Amino acid sequence: MAEHAITPRAKDFSEWYNDVIMRAQLADYSPVRGCMVIRPRGYGIWELMQQALDGMFKETGHQNAYFPLFIPQSFLAKEADHVEGFAPQLAVVTHGGGKELDEPLVVRPTSETIIYSMLSKWIQSYRDLPVLLNQWCNIVRWEMRTRLFLRTTEFLWQEGHTAHATSDEAETEARMILGIYRRFAEEWMAMPVITGVKTDSEKFAGAVRTYAIEALMQDNKALQAGTSHFLGQNFAKAFDTTFQTAAGGLDHVWSTSWGVSTRLIGGLILTHSDDNGLICPPRLAPIQVVIVPIWKTDTEREAVLQTCNGVMDSLKAGGMRVHLDWRDSMKPGAKYYEWEGNGVPVRLEIGPREVSQGQAMLARRTGGKAPVRLSEVAPATRAALDAIQQDLLSQARSRREQNSVRNVTKDQLVQLMDGAGGFAYGGFCGSGTCENEIKDQTKATVRLLPDPEFRSNPAPTKCVWCGQPATVEAVWARAY
RNA sequence: CGGGGCGUAGCGCAGUCCGGUUAGCGCGCCUGGUUCGGGACCAGGAGGUCGGAGGUUCAAAUCCUCUCGCCCCGACCA
C-alpha cells in the first residue's frame with residue numbers, strides 16, 4: 001500500500017485536503033475531468049450517512065422512489081427561473097443509438113421537472129396528498145472548477161420531493177426537513193451548523209424560499225451542507241400539477257424539495273481532520289475500532305490471537321464495527337500510522353503484556369492512550385467512542401464560536417474576510433446593492449439570514465454596509 | 001477562459017537550462033533470511049511507449065512547433 005504524504009494545513013490548506021483524501025483512500029480522480037471515483041473507504045462513510053438519513057426520512061413518512069436520469073430538454077424550460085439557473089450547468093445528450101435524437105435529453109441536474117410531470121398524472125384529489133417522496137441518485141452539474149467531494153461534475157445525493165394541499169403544510173415540511181438535516185449534521189457528523197433562510201440571490205432556481213444549514217470549516221470558510229426549499233406552486237403551475245379540493249375547487253399543489261449530497265463527506269473531512277490524516281466521527285466510521293495484535297513468538301501469537309478474537313467478538317456483540325489487523329508483514333507501529341491516516345477513531349493494542357495483565361491498550365484518534373480491563377472492553381470502548389463523538393462536536397462548536405463575530409462594522413467585515421475569515425453577523429438592509437457590493441469587495445456572501453436561535457441579542461439596528469436601518473440580521477462568510 | 005505549477009516505474013521525485021553509453025534515486029511491490037511494544041534490516045529481483053504527435057540532429061527525457069491532461073489561485077457555481 002503506497003502511502004500518501006500529507007501537506008500540513010498551515011502550509012497549504014487545499015493540498016492538505018486533497019492529501020487527507022488520498023491518504024485515507026476515500027476517493028481518486030477519474031479519467032473524466034471534474035468527476036471522481038469514490039473508493040470503498042469513502043463510500044462506506046456515504047453508506048452510513050444514507051442509512052441514518054434514510055431512517056429519518058422513513059420515520060417522517062417519506063418513501064423512496066426512482067426517476068430517470070434523462071429528462072427531456074423541454075421540461076427544464078417550463079419553469080423560467082429554473083431553466084435560467086441551470087442552463088449553464090447542463091450536460092445534454094444529443095445522440096442515442098447512433099442517431100441524432102428528435103429532442104435532446106438533459107442529464108438531470110435535479111429532478112423537479114420530471115417528478116412534477118409524473119405527479120400531474122398521479123394526483124387527482126386532496127385525498128392523494130400529501131405525496132412524500134425521496135430518491136437516492138446521482139446528478140450532473142457541469143462545473144468550471146471542481147474539488148473532490150465538495151464540487152464535482154457528477155455527485156451522489158438524495159432529493160426529497162413533496163406535494164401538499166396547502167402552503168402552510170409545505171412550509172412546515174421544508175422546515176421539518178431542515179431540522180432533520182441539522183440533527184444529522186450535529187448528532188452524526190459532529191458538525192455544528194447554523195440554520196436560516198437564503199437571500200433571493202442565493203436561493204434555489206425555482207424556489208420561493210430556500211432554507212439551509214451552514215457549517216464553518218477549519219479554514220474559516222463556510223460550507224452549505226444542505227438545503228430545503230419551499231417551492232410554493234411554481235413547479236405545480238409549470239407542470240399543471242393540480243388537485244380537487246375538499247370544497248370541489250381545483251388548486252395547484254404546494255411543494256418542497258430538499259437535498260444533501262456527498263459534499264457532506266467533504267464537510268466531515270474539513271471539520272475534523274488533522275495533519276495526520278482523516279478523523280472520522282465514530283457514528284460514521286466504517287471501522288470504529290481496529291485491533292492491532294502484537295507478538296513475537298508462536299506461543300505469544302496463539303495467546304494474543306485468542307484474546308483478540310475474544311475482544312472482537314464482544315465488541316461486535318456490543319454493536320461496534322471492528323477490524324482485526326492480523327497482517328504479519330507490518331510492524332505494529334506502521335499499522336498505527338496507517339489506521340490513524342484512515343481516521344479510525346479507536347485502536348486497541350493487544351500484546352503479551354496486555355494478555356498477561358488482562359487488559360488492552362486503548363488509543364484514541366483524537367489523542368490519549370490508556371489501558372482498559374478486558375472484562376470491560378466492550379463498554380469501555382463504547383464509552384470512548386461516545387466520548388470522541390461528543391468531543392468532536394464540542395470542539396467544532398467552540399472553534400466556530402471563536403471564529404464568529406457579532407455585530408460587525410463595515411471595517412471589521414472587510415478586515416475579517418481579508419484575514420482570518422469566519423462567520424460575521426451583522427445588520428442588513430436587505431438590498432441587492434449592498435449584498436453585491438459586499439460580495440465584490442470582500443468575496444463574502446450572505447450565508448444565511450439566521451433563525452431566531454442563532455440571532456444576536458440585542459439585534460443589530462443598522463445595515464453593516466450602508467448604515468440604513470436593518471431589516472434583518474445576516475451572516476456573512478467566504479464560502480466553498 | 002486568465003494567472004501560476006506540473007506530466008519520467010504503483011507513489012513521490014532527480015535528470016531538462018548546457019543533447020552524448022544499457023534513464024536514475026527514495027518509498028512501495030516480489031523472493032529468502034533475520035526482526036517485531038510507534039513507520040525494521042540485509043541480500044537478491046520484477047517493474048519505463050520519459051503525457052501524445054510532428055520536427056531539428058549522427059544522436060532527443062533534454063532543443064523547436066503543435067497538442068492532450070492534471071493540480072492550485074481567480075472568474076463561475078443549489
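The chains referred to below are lettered A, B, ... by the order of the sequence lines, with proteins before strands, and numbering in each begins at 1. What's counted below: heavy atoms across the whole structure, side chains too, no hydrogens, waters or symmetry copies. Small disclaimer: the values here were computed from a predicted structure and weren't measured.
A donor-acceptor pair shorter than 3.5 Å can be found between the side chains of A:Tyr480 and A:Asp219. For the residue pair A:Thr210 and A:His229, a side-chain donor N or O sits within less than 3.5 Å of a side-chain acceptor on the partner. Side-chain atoms of A:Arg447 and A:Thr445 form a donor-acceptor pair, as typed in the model, at a separation below 3.5 Å.
Within 3.5 Å, a donor on the side chain of A:Glu354 pairs with an acceptor on the base of B:G37, or the reverse. The base of B:G38 sits with one of its N or O atoms less than 3.5 Å from a complementary donor or acceptor on the side chain of A:Lys369.
Across all strands shown, B:A43 is found opposite B:U31 as a Watson-Crick or G-U wobble partner, with both distances under 3.5 Å. For B:G38, there is no paired base (Watson-Crick or G-U wobble, both distances below 3.5 Å). Pairing for B:C70 is with B:G5, a Watson-Crick or G-U wobble pair whose two hydrogen-bonding atom distances lie under 3.5 Å. Here B:A53 sits opposite B:U65 as a Watson-Crick or G-U wobble pair (both hydrogen-bonding atom distances under 3.5 Å). When both pairing distances are held under 3.5 Å, B:A60 makes no Watson-Crick or G-U pair with any nucleotide shown. Taking a pair to require two hydrogen-bonding distances under 3.5 Å in either a Watson-Crick or a G-U wobble arrangement, B:A75 remains unpaired. Using N1 to N3 plus N6-O4 or O6-N4 for Watson-Crick, or N1-O2 and O6-N3 for G-U wobble, each under 3.5 Å, B:C25 pairs with B:G12.
Within the nucleic acid shown, A:Ser261 comes within 4.0 Å of at least one base atom, counting heavy atoms only. Counting non-hydrogen atoms under 4.0 angstrom, A:Tyr336 reaches a base of the nucleic acid. Contact annotation for A:Arg347: base contact, defined as any heavy-atom pair under 4.0 Å involving a base atom. Contacts of A:Pro352 with the nucleic acid, taken as non-hydrogen atoms under 4.0 Å apart, include base atoms. Residue A:Lys203 is classed as a sugar-phosphate contact, given heavy-atom separations below 4.0 Å to backbone atoms only.
Between A:Trp465 and A:Trp476, the gap from one ring centroid to the other reaches at least 6.0 Å. In this structure, the ring of A:Trp258 has its center less than 6.0 angstrom from the ring center of A:Phe57. Under the 6.0 Å cut-off for aromatic ring centres, A:Phe239 and A:Phe75 qualify, their centroids lying closer than that.
Atom-to-atom, CE of A:Met330 to C1' of B:C27 comes out at 13 Å; the value is rounded to the nearest Å. Between A:Asp325 atom CG and B:C36 atom C1' the separation is 14 Å, expressed in whole Å.
Taking atom C1' on both B:C71 and B:A23, the two are 26 Å apart, rounded to the nearest angstrom. Distance check on atom C1': B:A46 versus B:A40 gives 23 Å, rounded to whole Å. Comparing the C1' positions of B:G54 and B:A75 gives an interatomic distance of 35 Å, to the nearest angstrom. Annotation: B:G3 and B:C66 have their P atoms spaced 15 Å apart (nearest Å). B:G52 sits 15 Å from B:C70 when the C1' atoms are compared, rounded to a whole Å. Look at the P atom in both B:A43 and B:C13: the space between them is 27 Å, to the nearest Å.
OP1 or OP2 of B:G37 sits under 4.0 Å from a side-chain N or O of A:Lys331.
A heavy-atom distance below 4.0 Å to RNA chain B is reached by these residues of residues 67-91 of chain A, ordered by number: A:Gln89. Within residues 219-237 of chain A, the residues that have a heavy atom under 4.0 Å from RNA chain B are, in order of number, A:Gln224, A:Thr227. Contacts with RNA chain B (heavy atom under 4.0 Å) in residues 147-160 of chain A: A:Arg151, A:Phe155, A:Trp157, listed by number.
Sparse packing is recorded around CD of A:Gln63, with 12 or fewer heavy atoms of other residues, nucleotides or ligands lying under 6.0 Å away. Within a 6.0 Å radius of NZ in A:Lys221, more than 12 heavy atoms belonging to other residues, nucleotides or ligands are found. Around CH2 of A:Trp142, the count of heavy atoms belonging to other residues, nucleotides or ligands within 6.0 Å does not exceed 12.
Residues that satisfy the side chain to side chain contact (heavy atoms under 4.5 Å, CB included) test with A:Pro352, not counting sequence neighbours, are A:Glu300, A:Val304. For A:Phe454, there are no ring pair (Phe, Tyr, Trp, His ring centres under 6.0 Å) partners, not counting sequence neighbours.
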Produce the list of close N/O pairs, under 3.5 Å, pairing protein atoms with atoms of nucleotides 69-71 of chain B; give distances to one decimal.
unit_1	atom_1	unit_2	atom_2	d
B:C70	OP2	A:Arg33	NH1	2.5
B:C71	O2'	A:Glu15	OE2	3.2

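Checked against B:G38, B:G39, B:C76, the side chain of A:Met144 finds its nearest nucleotide in B:C76.
Comparing A:Glu340 and A:Phe204, the nucleotide of RNA chain B nearest to each residue sits closer to the 5' end for A:Glu340.
Taking the ring centre of A:Trp16 as origin, the terminal cationic atom of A:Arg9 falls inside the region bounded by 6.0 Å and 45° from the ring axis.
You can call A:Tyr337 stacked on the base of B:G39; the centres are under 5.5 Å apart and the planes sit within 30°.
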